[in-house]
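Contents: one structure, followed by commentary.
First the proteins, then the strands, lettered A, B, ... as listed; each starts at 1. Heavy-atom basis, side chains included; hydrogens, waters and symmetry copies ignored.
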Amino acid sequence: MVQFHEQIISELIEEPPNGSGLVILSSGLSLPKLISSLLLLHSPSQGSLLLLLSPASPHLKSQILHHHSPHARISDISAELPAQQRHSLYSSGSVFFITPRILIVDLLTSKIPASAIAGLVILTAHSLSDTSTEAFIVRIFRSLNRSAYVRAFSDKPHSMVSGFAKAERIMKCLGIRKLHLWPRFHVYVSQELEEEAPEVVDIRVPTTRHMVAIQKAILEVMDACLKEMRKTNKVDVEDLTVENGLFKSFDEIVRRQLDPIWHTLGKKTKQLVSDLKTLRKLLDYLVRFDAVTYLKYLDTLRVSESHRSVWIFAESSYKIFEFAKKRVYRFVASDGSKLNAPAKTSTSKKRKGKGAADGSEHEKVGSSTNVSIVLDEVLEEAPKWKVLREVLEEIEEERQKQALSREELVESEEDGSGIVLVACKDERSCVQLEECITNGPKKVMQEEWENYLLNKVQLRDLQTRYKRKPKQPKGFGILDGVIPVAPAQNAEPSSINKQEHEALVTAASEIKNRLKNDDVGVDPQPAASSQGGGRAKRNVTNKKETPANRKSHENKDNKSNKKAASDGSSLENKGKTDEVDPAAVGGFSEAKGHGASTDKVVLQRYAKVAEATGSGIASKPIPLVHFYALESGQPILDVLMPSVIIVYHPDMTFVREIEVHKAENPSKKLKVYFLFYDDSTEVQKFEASIRRENGAFESLIRQKSMMMIPVDQDGHCLGLNSSVEEQGTSSQNSVTRKAGGRRDVEKEMQVIVDMREFMSSLPNVLHQKGMRIIPVTLEVGDYILSPLICVERKSIQDLFMSFTSGRLYHQVEMMVRYYRIPVLLIEFSQDKSFSFQSAGDIGDDVTPNNIISKLSLLVLHFPRLRIIWSRSLHATAEIFASLKANQDEPDEAKAMRVGVPSEEGIIDDDVRAENYNTSAVEFLRRLPGVTDSNYRAIMDGCKSLAELALLPVERLTELMGGQKAARTLREFLDAKYPTLS
Amino acid sequence: SSPPSPAQNRNAILVSHRQKGNPLLKHIRNVKWVFADVVCDYLLGQSSSALYLSLRYHLLHPDYLYFRIRELQKNFKLRIVLCHVDVEDVLKPLLEVTKTALLHDCTLLCGWSLEECGRYLETIKVYENKPADIIQGQMDTDYLSRINHCLTAVRHVNKTDVVTLGTTFGSLSHIMDASMEDLARCPGIGERKVKRLHDTFHEPFKRVV
């Protein structure tokens, strides 16, 4: 445990009256460890402790579990547990994870003995607001148990400053009066972390010419888009800089400004917003993906976006495509004879940039009609690959030197921690780097390339399908001037394009044939005519298959392969490494083999790497390497205890984690390498992310000094309730004198609410208004206001979606069937515009896709349907209250039975979403042949979609109750995604 | 102009003389309309009627809507209150209009501009006899839109991802059967999307055993 964690905890729990507080710390300062240390202080005699965690943050949960001591398990309270069991768990005095939705439902249905709860811990404080479920929970909880504590945590300071006085409002709604700030620059923190700082090596890797060019082009296009955006006069100009554009938060800035008027914006502005997002992704991927994958992604973008986007038509974006292509391949005129790559000389090259004036190597194209075009592979490797390799070799060299000097005496100690960890952003990069190390970058690129060619053919075909009508390019403003050069892709395929296409197709079909041969050929050494690269690979795999007698076998192979293998030079070293590495691996795996499951995975990887290294691609020995994806959020440092960390993709949070790890293990040696692309946005981004967090903390410190938190005599925070209460009753009285406010206990209003609705904030606001909320599972409707009134709530986004899916139609149909007054509530969001669209967006004709048309059609088909248009959550609550004024209270038991098919039997009050894989059900219902009447049967008959995908027609016929439907489905599932054939 | 024949009237919106001078009429362009003696403001079909109400007018005459609705009696199956939202502070007036409409069996439609209000009238007239299939979820039947429709049921999966998945795996059944690792190899599909896709396909429909 690091000392500043102790400090945080002691400050927190000593805070009067009961140790409630909001803690905000820098990201990477190991919130999970902090929480698990806090949990150690919990004793069952105090009562149960509930950890509130939304299902959206599984990493946090697994990490807390990891750090938590194994003999005091933390279990989940889930909806699957029967009510009685839940009750006994609540009073058991242990620690539990629970989702806000379950907790609020249990609180409302009085399934929780509130006095048996010692406190609540909220783990994602930054996502709260006064209408969120957590606030609702705390309000009810406080009313039942005054003495329990509420502790909230966040390690995302920048999202704590995203609104006006956000921290203060969150504290009020949680009834917390103390804010604890722990930035990285806090004295205690920085002292401790810098005392035993790890050794750091900063390596700047130069980018290739083409990468620089692409980056420049992307920034140019971004700049153009931003300029265009400024012209709309809808956004604050100050924030619109390219630097800001590099961050995800840029979208937030723009969206926050535009959201209130989003529906009044023109298509172009909206497109610009999404284009900027795409461009940012392209920048990011430029340093993350290899050249081929990058090109593939660009191609995919072009196919899926070309007829909508603005940016694709800008001059510079043409450069992006062009340079991305040059990193991978180029076309070369052949002189009739088949040529192999090395035979090229630069004089014979003819660059055919599509419609481009390519200055340097431009030659007359017209004359070459007879000469066919041949593909020349460039396959530029990512510069970091080579550097990574060198770093690894250097590490190993150093290590061997040390080993020699120390005469293998204290070897064992060093060995246990001799782990080299390479941290990348995503799993994909991990896999690729691993292959790079094992098989050499050439092979990786070759494989990606082959894949690419095969896909390319399919994409081309697809593109022609998408291109139904030759739409005019839609650039405008600045972006407009350049159209003549730009849309080469959309132009009719010229003869050159055709030739290029043919060249691609030929290359692809060659690969296809080769693959086929591989499948058919039983002989491990198939036709000798195939090309070098492919051969070498196959030999390697052969070797792997016979590890038992590898050594003897190998020597033989050595000779026979020397000619065939493309990089035969490396074979000399192979024997040696081969003998050393497996032994090391073996020893290691025995030592650690019985560890946790993560360890096992790690080990497997090791084994693979080491073995392959042995089998001959490596030119120099490299140490054991483990790859780690930052995305996966595993507590990797504490499991592996690496002695060298190579940060392949720099990331602020991970850097902090390394620091904390080092501070916890001050005696261990730790060396950290950073690989940055020089002069790239990668560096900028890293530095700016630190600046941004510091800025957030400074703002929080300022806010803290000016905070006003009302407190009652006992020192409890009064929170927001008091003010809301007054507001609520006064406005209510004017409309609904009869029902009275919340104080009138006998005439308390009741609303029956569907369990699923607790994802939204409306139940919270209704409760604030003084209504009693009764959560049940409803088959029909979301809110039952009275025996007559049933309401289906749709936010704007939901409304559009459920019109498209047809869900709304069926929901309304059900409501109309069972209730006298079926109501559709269209709920706009307070901070977004109160309208569907701008007047300018209403076209000249009645079109079926317009929301007006859909709504009109709904109204025509259900004349009894009533519609409520609500400006905001609070407006909805007011409307509900006024509608209920003269109505009877709804009947809970009856409402539950409505619309439940009788053969389903009893439905208990479990939350539906927890019982069903909702997205799978939705997916299923969208498949052709699946209807309202047969989807339940399908779900009964097979377990999952993956299983469904494998069922034969006969079985489907049984499940779907008809051969026609079954065949439709089967054919759809098996249909080949469009290809050239 | 000469009075229109009854046959023509069937295809036209009949507008009450009360609406004379309403600038809304300018925006009814896709359908014919004629003045006639009707009890509602706009007669949109045999049993469909509409009353027009501007919120600003409602603020001045809060009882107007109620009396107009009462006049309609029980003559129409579909009784629309077409509300033009032309004030800034909508909360109170809209609450009143909503309540009046709801408790007196009227369907409330809101438009934020005269164009929008006009379009509602046109659309309801044009769609008088149209089946509901465009809102019943039946959609384009070609393969690409169908597979798009299916895969985008999984949250955050977009069209670009569909193309990526399609070209990588070849068919929907292969996508549905794909392993985490294979999904993770698709460019542009991040870890969360991979998990979401994989969960959708491999988690059982019903979670309870």
Side-chain contact, heavy-atom cut-off 4.5 Å: [X] with [Y]?
| X | Y | value |
| --- | --- | --- |
| A:Leu945 | B:Thr200 | yes |
| B:Lys99 | A:Ile879 | no |
| A:Leu808 | B:Ile135 | no |
| A:Val846 | B:Arg119 | yes |
| A:Leu857 | B:Ile134 | yes |
| A:Arg970 | B:Ser173 | yes |
| A:Tyr977 | B:Leu144 | yes |
| A:Trp869 | B:Val90 | no |

Less than 4.5 Å to any heavy atom of chain B: does that hold for the side chain of [X], its backbone, both, or neither?
| X | answer |
| --- | --- |
| A:Ile821 | side chain |
| A:Tyr297 | side chain |
| A:Ser429 | neither |
| A:Leu855 | side chain |

Which one wins on heavy-atom pair count under 4.5 Å against chain B: [options]?
| options | answer |
| --- | --- |
| A:Arg428, A:Arg871, A:His861 | A:His861 |
| A:Ser853, A:Ser802, A:Pro848, A:Ala875 | A:Ser853 |
| A:Ala949, A:Ser944, A:Ala975 | A:Ser944 |
| A:Ile826, A:Leu927, A:Val859, A:Asp426 | A:Val859 |
| A:Lys854, A:Arg807, A:Arg288 | A:Lys854 |

- Item | Criterion side chain to side chain donor-acceptor pair (under 3.5 Å) on A:Asp974 and B:Ser171, from CA distance to verdict | CA-CA 6 Å; A:Asp974 294 334; B:Ser171 77; 5.2 Å; no
Quick one: pull up [atom1] in [X] and [atom2] in [Y] and give me the separation to the nearest 0.5 Å.
| X | Y | atom1 | atom2 | result |
| --- | --- | --- | --- | --- |
| A:Leu824 | B:Leu108 | CG | CG | 11.0 Å |
| B:Glu96 | A:Ser882 | CD | OG | 9.5 Å |
| A:Phe923 | B:Thr152 | CZ | OG1 | 9.0 Å |
| A:Leu924 | B:Cys150 | CG | SG | 9.5 Å |
| B:Phe205 | A:Glu947 | CZ | CD | 8.5 Å |
| B:Leu91 | A:His874 | CG | NE2 | 10.5 Å |

- Query: Are any of the side-chain nitrogens in A:Asp940 or B:Lys206 under 4.0 Å away from the carboxylate oxygens of its partner?
  - Reply: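 Looking at B:Lys206 together with A:Asp940, the answer is yes, because their closest N to O distance falls below 4.0 Å.
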- Message: Could you check whether A:Glu427 pairs with B:Arg192 (Lys NZ or Arg NE/NH1/NH2 to Asp/Glu carboxylate O, under 4.0 Å)?
- Response: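 Salt bridge absent between A:Glu427 and B:Arg192.
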Counting only heavy atoms closer than 4.5 Å, note whether [X] contacts chain A via side chain, backbone, both or neither.
| X | result |
| --- | --- |
| B:Cys106 | backbone |
| B:Glu128 | backbone |
| B:Leu165 | neither |
| B:Thr164 | both |

- Item | For chain A, the option from B:Leu109, B:Leu103, B:Val126 that forms the most heavy-atom pairs under 4.5 Å |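 Among B:Leu109, B:Leu103, B:Val126, the one with the most close pairs to chain A is B:Leu109.
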- Go through B:Asp105, B:Val31, B:Val154 and name the one with the most non-hydrogen pairs under 4.5 angstrom from chain A.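 It is B:Asp105.
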Give me the atom names and distance for the closest heavy-atom approach of [X] to [Y].
| X | Y | answer |
| --- | --- | --- |
| A:Phe289 | B:Gly188 | CZ-N, 3.9 Å |
| A:Ser856 | B:Tyr120 | OG-CD2, 3.6 Å |
| B:Leu172 | A:Phe972 | CD2-CE2, 3.4 Å |
| B:Leu94 | A:Phe834 | CD2-CZ, 3.6 Å |
| B:Met176 | A:Leu973 | SD-CD2, 3.6 Å |
| A:Arg926 | B:Arg146 | O-NH2, 4.2 Å |

- Message: Using only atom types and a distance under 3.5 Å, with no angle test, would you say the side chain of B:Thr107 pairs donor to acceptor with the backbone of A:Leu865?
- Response: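 Side chain of B:Thr107 to backbone of A:Leu865: a pair is present.
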- Query: How would you list, in number order, the residues of residues 46-73 of chain B that have a heavy atom less than 4.5 Å from chain A?
  - Reply: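 The list, in residue order, reads B:Ser48.
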- Message: Can you pull out every ring pair (Phe, Tyr, Trp, His ring centres under 6.0 Å) where at least one residue sits in residues 79-102 of chain B? Sequence neighbours excluded, please.
- Response: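 Every candidate ring pair (Phe, Tyr, Trp, His ring centres under 6.0 Å) pair involving residues 79-102 of chain B fails, so no pair, neighbours aside, qualifies.
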